[in-house]
Amino acid sequence: MKRRMLYMRSTPGQSAAILYLLAAGLALLPTQWLGSLFTQNEQIAQSLGLGIVRLVSCAVLLVLAFHMGIRGVWVPSGGKALLFALPALAVAVNNLPVVALAQGTAGVTGTAGAIAAFALECAGVALFEETAFRGIVFPFVLGKTGTGRKGRFLAVVISSALFGALHLVNIIGNWGAAGAVLLQVGYSFLIGSMLAVCAFRGAGVWACALVHAAFNFCGSLIYDGRGFGGFSQVWCPQEIVLTAAVGVCAAAYFVWLLLKSPSAAADRFAVFPPQKGEEATPAPPEEKQE
């Protein structure tokens with residue numbers, strides 16, 4: 001199949017902006033109506049609708065990625081590359097309130113159907129957001145900033161800031177939750193930065209999506225009617241110490257990995273403008289001679 005959007009590579013900065021707006025538009029699509037076609041349970045319908053719409057949106061972005069010539073970003077470059085993502089997986093699993101669950105002050109009470117629908121939601125959201133930001137936006141930004149130490153640092157910060165800002169759409173229609181949404185923006189920036197480093201070090205977008213889904217699943221499993229446990233029960237002193245320790249160690253690791261990695265690690269991942277003399281767009285078909 002001919003790739004028809006290679007011209008996007010000529011202006012990676014502008015293309016990243018356009019693709020970001022596309023991702024934001026897809027994120028604003030209504031979802032619950034779709035889940036309501038399968039069940040009258042509002043909670044399950046919300047999860048099903050969101051998961052399915054995000055999976056379809058992911059498929060749309062994958063088609064665009066193919067036509068823009070993005071490759072080498074989806075699967076791990078090797079077993080060693082996956083090891084770079086293990087600290088990120090530790091952060092995701094730590095998002096589960098393990099101390100409160102062990103003490104019995106928090107627990108899971110949701111039905112199997114509700115848990116399965118929520119798992120689909122987490123998978124769909126993670127695949128969509130990782131495809132959009134670590135699979136498309138980040139490589140384009142990296143192609144603009146360059147793959148040197150400063151360039152990849154800027155690319156991680158810019159793409160992760162855009163990823164965090166995307167979550168501002170959750171304020172729409174719910175201004176009372178503005179504080180919670182701003183907190184979500186902040187930790188989305190941190191998670192996005194962590195996964196961007198994992199991605200360019202070769203872990204691949206699909207591995208990042210797995211970590212992202214685990215983070216969302218573990219962090220919200222006991223909420224929204226699926227379990228019990230309030231803020232004071234979850235954030236007990238032991239949980240705070242554990243989370244702080246994991247967070248500080250992970251932050252130090254990923255900053256070190258970002259700054260010490262060779263440029264060649266990011267060269268494989270970045271979308272660069274066409275070189276001088278390289279064709280930026282597919283040649284038009286030759287006209288038949290009369």
Side-chain angles (χ1 to χ4, degrees), residues 3-9 11-38 44-71 73-74 117-144 155 158-174 177 181-182 184-185 187-189 191-193 195-196 199 204-213 215-217 220 271:
R3 300 183 180 188
R4 303 181 182 278
M5 298 177 66
L6 297 180
Y7 57 86
M8 297 285 285
R9 304 168 69 95
T11 53
Q14 294 92 320
S15 296
I18 293 170
L19 293 165
Y20 175 75
L21 293 175
L22 172 63
L26 292 173
L28 286 170
L29 290 175
T31 61
Q32 188 166 343
W33 66 271
L34 183 58
S36 299
L37 299 178
F38 300 96
I44 296 178
Q46 182 176 1
S47 291
L48 280 178
L50 182 57
I52 294 171
V53 170
R54 291 294 183 269
L55 287 173
V56 173
S57 299
C58 174
V60 171
L61 292 177
L62 286 174
V63 172
L64 293 177
F66 171 82
H67 283 291
M68 290 184 291
I70 298 177
R71 59 188 185 275
V73 305
W74 309 108
F118 179 58
L120 175 65
E121 173 189 335
C122 292
V125 168
L127 284 167
F128 165 70
E129 292 183 349
E130 292 309 306
T131 298
F133 286 92
R134 260 58 71 184
I136 298 178
V137 172
F138 178 54
F140 270 102
V141 175
L142 195 58
K144 176 67 175 179
I158 292 170
S159 64
S160 300
L162 291 172
F163 175 58
L166 180 74
H167 293 80
L168 289 172
V169 300
N170 294 329
I171 295 180
I172 297 176
N174 190 18
V181 172
L182 291 176
Q184 185 184 30
V185 170
Y187 72 68
S188 294
F189 169 79
I191 293 299
S193 299
L195 293 178
V205 171
W206 304 142
C208 291
L210 175 63
V211 172
H212 191 153
F215 183 88
N216 289 356
F217 185 83
S220 300
V271 172

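Heads up: numbering here begins at 1 and tracks the sequence.
- Annotation: side chain to side chain contact (heavy atoms under 4.5 Å, CB included) contacts of Leu120 (sequence neighbours excluded): Leu48, Ile52, Leu55.
- Looking only at side-chain heavy atoms (C-beta outward), Leu29 and Leu26 come within less than 4.5 Å of each other.
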- Message: For a side-chain contact (heavy atoms from CB on, under 4.5 Å) check, start with the C-alpha distance between Met8 and Val271, then their side-chain angles and the critical distance, and finish with the verdict.
- Response: CA-CA 10 Å; Met8 297 285 285; Val271 172; over 6 Å; no
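- Val53 approaches Pro30 most closely through the heavy-atom pair CG2-O, 4.1 Å.
- Annotation: side chain of Arg54 is in contact with side chain of Thr31 (closest heavy-atom distance under 4.5 Å).
- Within the 4.5 Å cutoff, the side chain of Phe163 has heavy atoms near those of the Ser188 side chain.
- Between Ala117 and Ser47, the shortest heavy-atom contact is O-CB, 3.5 Å.
- Closest non-hydrogen pair, Ser160 versus Ser193, comes out as OG-N, 3.0 Å.
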- Query: Between Trp74 and Leu62, is a side-chain contact (heavy atoms from CB on, under 4.5 Å) present by the stated rule, with each step listed?
  - Reply: CA-CA 10 Å; Trp74 309 108; Leu62 286 174; 3.8 Å; yes
- Can you check side-chain contact (heavy atoms from CB on, under 4.5 Å) on Val60 and Leu22, steps first, answer last? CA-CA 11 Å; Val60 171; Leu22 172 63; 5.7 Å; no
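- Nearest heavy-atom pair across Ser220 and Phe118 is CB-CZ, 3.6 Å.
- The side-chain contact (heavy atoms from CB on, under 4.5 Å) with Thr131 is formed by just one residue from the set Cys58, Cys208, Ser57; it is Cys58.
- Residues Ser159 and Phe133 come closest through the heavy atom pair O-CD2, 4.1 Å.
- Residues Leu127 and Trp206 have side chains in contact (heavy-atom distance under 4.5 Å, counting atoms from C-beta outward).
- Between Ile158 and Lys144 the shortest side-chain heavy-atom distance does not fall below 4.5 Å.
- Rounding to the nearest 0.5 angstrom, the gap separating the CG atom in Leu64 from the CD1 atom in Ile136 is 6.5 Å.
- Side-chain contact between Val73 and Phe138 is absent, with no heavy-atom pair separated by less than 4.5 Å.
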- Show your working on side-chain contact (heavy atoms from CB on, under 4.5 Å) between Ile70 and Phe140 and close with a plain yes or no. CA-CA 9 Å; Ile70 298 177; Phe140 270 102; 3.7 Å; yes
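- To the nearest 0.5 Å, atom CD of residue Glu129 and atom CG of residue Leu195 are 10.5 Å apart.
- Nearest heavy atoms, Leu142 versus Ala155: CD1-CB, 3.6 Å.
- Side chains of Gln184 and His167: a donor-acceptor N/O pair is absent below 3.5 angstrom, by distance only.
- The aromatic rings of Tyr187 and Phe215 sit tilted relative to each other, their planes meeting at an angle between 30° and 60°.
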